[in-house]
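Numbered from 1 within each chain, the chains take letters A, B, ... in sequence-line order.
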Amino acid sequence: MIGRRPPHRIVDVHAHLGPYSLFFIPESDAATMVAVMDRTGTDVTVLAANRAIQQDAHLGNSQSLAAVDAYPDRIAAYAVINPWQEPERELERLAGDDRFVGIKVHPSLHRYPVTGARYAAVWEFAESTGCPVLSHSEHQSPYDAPRLFEAVAERYPGTSVVLGHAGITPAGVDESIAAARRYDSLWLEVCGSQMTGPLIRAMVDEVGSGRVLFGSDFPFIDQRMSLGRVVCAPLTESQRQDVLSGNARKLFRWRPLPGERGVGQ
Amino acid sequence: MSDDVTSGWFDARIVTGAHPASLLPPTDRDAIAAHLDRYALSGALVSAMASWLHDPIGGNAEASAIAHDLADRGVLACWTAVPATSGELDSLTALVDRAVDDGVAAFRIHPASHGFSPALLNDLYAALQTNRLPLCVDAAELSWPDLNTIATRFPELPIVVSNLGYRKLRELWAALVGHTNVFVDLVDFAAHQGVEWLVANDLADRLLFATGLGVRDPGESIVRLAWSGLDDATVRLVGSENARRLLQGVRA
């Protein structure tokens with residue numbers, strides 16, 4: 001019996017906000033997201049507005065900041081950098097605004113490879129500041145297949161890159177694990193419709209519980225789907241707590257998340 | 001808010017047998033019994049992976065074997081049907097008769113995977129309606145217009161849509177408001193706040209708890225319902241009472 005009260009403290013490092021044209025999302029607003037967080041034991045969510053990834057990075061980033069302003073103790077923001085929409089301008093905005101705690105890129109949606117020159121400023125900024133970068137990653141994508149991040153890690157070894165979805169498919173997870181085993185700067189995030197507890201266990205076994213992060217993609221997908229896989233996965237409680245929140249607190253050191261200063265600061 | 005309401009749920013979809021392309025928990029007899037224990041479930045509806053991915057009619061014996069073996073745990077069988085085809089299946093009505101004799105609680109169809117038009121199963125739908133056995137189908141197996149056709153032609157046939165994903169609420173909404181005999185289970189029912197949205201729109205009685213053990217990670221549905229925004233009474237309704245009303249043989 002699982003009970004109705006979540007026993008863990010959670011940091012969700014992969015979230016969005018607002019509507020998405022391809023399908024209807026009920027109650028995609030920040031207030032509802034925080035209400036869901038209250039039910040699931042989520043202290044903090046780091047989000048990038050759907051508008052920022054889908055259509056307009058600048059306007060969407062403003063929506064993310066509005067959510068932070070409404071819930072400064074519960075929500076932190078990624079600045080979405082779209083390589084086609086004045087990336088330097090958004091990087092300057094990120095640098096000057098403490099409400100942003102990281103960068104989000106979506107190479108598949110923006111149809112531009114993570115290894116391309118238009119992303120160079122992102123990796124350089126992240127390496128020089130310690131700002132973490134969350135990227136969509138997708139097995140066999142010409143833009144963000146897990147193996148492509150090995151080239152980023154090789155060239156920018158000081159950049160912490162989170163492989164969102166860890167490649168999405170089971171084969172993509174294997175490829176992500178292989179990349180993360182080669183490069184300590186690569187982290188794995190666990191949300192995705194094909195993810196399972198045994199796959200998460202494989203990540204922890206192969207990479208160690210210290211670089212596997214909980215994320216949900218909510219409200220793109222309900223937060224409890226990804227959370228259920230982690231909560232019920234065959235992990236030790238120590239490993240589970242690392243994944244659910246401990247690692248996120250370690251990763252976000254540049255600008256610590258609400259509720260706690262970054263580890264080591 | 002009571003923790004007690006998270007026990008006694010009926011799992012309206014388990015698939016027994018190996019999946020060839022996923023890393024999932026096992027689903028043999030012992031694994032299903034352990035699943036029932038771990039989540040304090042009152043029973044389950046079990047179909048066979050072999051019926052989906054190998055031998056549609058022959059695989060039904062594997063579902064029934066599990067159901068008979070775990071009958072005291074409230075496990076029921078869900079059989080799979082394909083069109084009557086010489087050498088494969090003589091008669092859909094005879095198949096349903098055999099299922100009723102065997103205590104089968106529902107049927108599942110896979111028109112897309114098994115390569116046939118849903119209209120070829122009209123005899124099945126009629127026999128199921130007569131015998132008050134629900135029809136279960138994955139969203140990807142049946143087009144929404146075909147679902148609409150079946151639900152309209154057989155208005156007393158309960159149709160349970162499964163594996164909805166997170167992108168189909170617009171279609172689901174039309175199906176639910178258009179047909180009182182359409183239901184949806186929680187297997188990969190992944191839309192943000194989708195459960196709460198249906199309940200807020202007075203559709204709580206159309207939701208069935210199910211994990212999809214065998215094709216999905218069961219933790220998804222367990223946590224989805226347990227930590228939902230539903231009140232305790234509605235959790236109980238979705239967790240077990242709707243299944244009890246819909247499926248013959250579900251224990252109180």
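With a 4.5 angstrom heavy-atom cutoff, B/Pro218 does not touch chain A via any of its atoms. The contact between B/Trp227 and chain A is made by backbone and side chain atoms together, counting heavy-atom distances below 4.5 Å. No part of B/Leu41 comes within reach of chain A, as not one of its non-hydrogen atoms sits under 4.5 angstrom from that chain. For A/Thr32, the part sitting under 4.5 Å from any heavy atom of chain B is the side chain, from C-beta outward, and nothing else. Using a 4.5 Å cut-off between heavy atoms, B/Glu171 makes no contact with chain A at all. For B/Leu169, the part lying near chain A is the side chain, with the backbone staying farther off; criterion is any non-hydrogen pair under 4.5 Å. When heavy atoms are compared at a cutoff of 4.5 Å, A/Phe218 approaches chain B solely by way of its side chain, counted from C-beta outward. Proximity to chain A involves both the backbone and the side chain of B/Arg38, based on heavy atoms less than 4.5 angstrom apart. Proximity to chain A (any heavy atom under 4.5 Å) is shown, for B/Val195, by neither the backbone nor the side chain.
Classification of the A/Phe23-A/Tyr20 ring pair by plane angle, with boundaries at 30° and 60°, yields tilted. Between A/His136 and A/His165, the angle of the ring planes goes over 60°, which puts this pair in the perpendicular group of the 30/60° scheme.
A/Trp187 has its ring centre no less than 6.0 Å from the ring centre of A/Phe149. Between B/Phe209 and B/Phe189, the gap from one ring centroid to the other reaches at least 6.0 Å.
B/Asp69 contributes no side-chain N or O that, together with a main-chain N or O of B/Ala65, makes up a donor-acceptor pair within less than 3.5 Å. When atom types are taken as modelled, the side chain of A/Ser209 and the backbone of A/Gln239 share no donor-acceptor pair closer than 3.5 angstrom.
Ranked by heavy-atom pairs shorter than 4.5 Å toward chain B, the options A/Ala233, A/Ala35, A/Ser28, A/Ser193 are led by A/Ser193. The most heavy-atom pairs under 4.5 Å with chain B, out of A/Gln223, A/Met225, A/Gln194, come from A/Met225. The candidate with the highest count of non-hydrogen atom pairs below 4.5 Å against chain A, out of B/Ala190, B/Ala40, B/Gly194, is B/Ala190.
With a 6.0 Å radius and a threshold of 12 heavy atoms from other residues, nucleotides or ligands, B/Arg251 has its CZ atom above the threshold.
Side-chain contact, A/Thr236 with A/Ser238: no donor N or O sits under 3.5 Å from an acceptor N or O.
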